[in-house]
Amino acid sequence: MSASNSPPVLSVYNTLTRRKEPLEPIRPDEVRLYVCGPTVYSWVHIGNARTFTIFDVVVRYLRYRGYRVFYVRNYTDVDDKIIHAAQEAGEDPNALAERFVHAFEEDARGVGMLPPDAAPRVTQVIPEIIALIQALLDQGVAYVSDGDVYFQVSRWPEYAKLSRRNLDDLRAGERVTPGEQKREPLDFALWKAEKPGEPAWDAPWGRGRPGWHIECSAMSEQVLGQPFDIHGGGLDLIFPHHENEIAQSEAAHHLPLARVWMHAGFLELENAKMSKSLGNVVRLRDALAKVDGEALRLFFLSSHYRNGLAFSDEALADAEKRIEYFHETLQRVEERLGARELRPGPVHGDPDAHLRAFEQAMDDDFNTAGALAALSALFGQMNELLDRPPVPDRALVARTLAALRAVAATMGGVLGILQSPPGVWLERQRDRLVQKRGVDRELVERLIAERGEARRQKDFARSDAIRDRLLQMGIELRDGPSGTQWKVRS
Ligand SMILES: [Zn+2]
């Protein structure tokens, strides 16, 4: 299904202007988007996973709205943290980075992220980085000091235009990092002189490796050009990372870096910002071992992306129940409709109204919370049609259910959920719970067979007793047209 034909009125909150603005891409039907990717020194934690899931949905929705999207998400594969982790593990830094790129991709698939159109790595753009640093040196906004190269913030009058921080406050708060040879406290490293045992590349000013910020300026320019449409990342990247990206790219080329800056809020665990350096980390991998990827996605999208989201086991369990309810409803719709073809005809009410509500929410700065409310309303109507149909005409009800199911699939495609047949998902979820709760599967199936036999012999006391016993084991039964289904109560 394609988006309705009204002209796009998508609005996006731009951190640069502190306003919601209509999205006006540089090329009318194309959106070029760059999101700062993971530093691959460890497993991705769920805070970062939420940010990347949000941009996955942004990309999906822009495509749904008819834009061609070019989505870039980089890997930082040279960095102090990687070198440190490699030294601690006695491993080659490249090998360690490679290992965690693979781990990230696996985890990203687990939570249903589409691969980006390009995933450049720092080690692949060293010549571009060197050229960019050279341009900054040539323009007199950067200087070499003892083999390091620094960006001289005082030479770039627009510095702090994204974060709107006060430069005097920043200067007062800046601590001198041992070993750095800066002229002024706010100057930041573009290049770090070679140290023993660290990866290094030749450059005109001496061997070394890039600083963190310069990589995104070089990679975005290489893949998307300058300016591009949307630059995204977590809220914690506004300062200094994105501020420094702007300074580097704009001072070098005298062009804006990106039109719109989007920032995702924090995932909060016990009211502390979730960050690997603070230690209160839940790895995405650990979360995926606890709950299904679709449940996790639903949880990530349950608040507006700019808002914080509190992580708790209860919140995850709620999301899991919700996604199970969606799939169970879809399975009941599937059973009701069967394989027979529906003759075209009128439907009850206006199934597309749900889609319009969904689009209205998503058009308003990708309000996924509102979009999920529209999805829930749709499922509410499906359940009403299944259980208490407001009209007697069964064909009319069936056509309406089919229309609602199609709308649900469209919304699910944008949100990255409900894409597998409900039976497949429910089976997978049951397997997960069987394992988690240590359910004796053989016993359950034997008892269900005995109950079936009792029912055939009209021994309802016995069949009820078996049902109760199963309930005590946390097993729920549902008798449907294709026999008795069972599930582990979530
Ligand atoms: Zn970046």
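Numbers for residues simply follow the sequence, beginning at 1.
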Do [X] and [Y] have side-chain atoms, one donor and one acceptor, less than 3.5 Å apart?
X: S376; Y: R322; answer: yes
X: T76; Y: E215; answer: yes
X: Q124; Y: Y75; answer: no
X: H102; Y: E98; answer: yes
X: R65; Y: Y61; answer: yes
X: Q360; Y: D364; answer: no

Checklist line | Pair D107 + R283, salt bridge at N-O below 4.0 Å | finding: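 A salt bridge is absent here (no side-chain N lies under 4.0 Å from a carboxylate O).
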Notebook entry, point to check: Taking the six-membered ring where the residue is Trp, are the ring centres of Y159 and F151 under 6.0 Å apart?
Noted result: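 That pair fails the under 6.0 Å test.
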Next item on the list: Assess the pair F52 and F55: is the distance between their ring centroids shorter than 6.0 Å?
Entry: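 That pair fails the under 6.0 Å test.
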Within the side chain of [X], is there an N or O that forms a donor-acceptor pair under 3.5 Å with the backbone of [Y]?
X: N14; Y: R19; value: no
X: R60; Y: G413; value: yes
X: R259; Y: P227; value: no

Next item on the list: Decide whether a cation-pi geometry holds between R306 and Y13; the criteria are a distance under 6.0 Å from NZ or CZ to the six-membered ring centre and an angle within 45° of the ring axis.
Entry: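 Judged by the rule, R306 and Y13 form a cation-pi pair.
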Next item on the list: With sequence neighbours excluded, give me every ring pair (Phe, Tyr, Trp, His ring centres under 6.0 Å) pair touching residues 343-383.
Entry: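 Every ring pair (Phe, Tyr, Trp, His ring centres under 6.0 Å) pair that includes a residue of residues 343-383, provided the two are not neighbours, is F326-F379.
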Item checked: Pairs meeting criterion ring pair (Phe, Tyr, Trp, His ring centres under 6.0 Å) with involvement of residues 214-241, two or more places apart ->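 The answer is Y34-H231, W212-H241, H213-H241, F228-H231, H231-H242, H231-W261.
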Note to self: With rounding to the nearest 0.5 angstrom, report the OG to CD distance, S220 to E128.
What the structure shows: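 Between S220 OG and E128 CD, I get 11.5 Å after rounding to 0.5 Å.
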Margin query: A side-chain contact here means heavy atoms from C-beta on lying under 4.5 Å apart; do R478 and R332 qualify?
Written below: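 R478 reaches R332 side chain to side chain.
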May I have the list of side-chain donor-acceptor pairs in residues 414-427 shorter than 3.5 Å, sequence neighbours left out?
residue, atom, partner, partner atom, Å
Q419, NE2, I417, O, 2.8
W425, NE1, D292, OD2, 3.0

Margin query: Walk me through whether K487 and E324 qualify under side-chain contact (heavy atoms from CB on, under 4.5 Å).
Written below: CA-CA 11 Å; K487 70 165 199 171; E324 187 180 79; 2.9 Å; yes
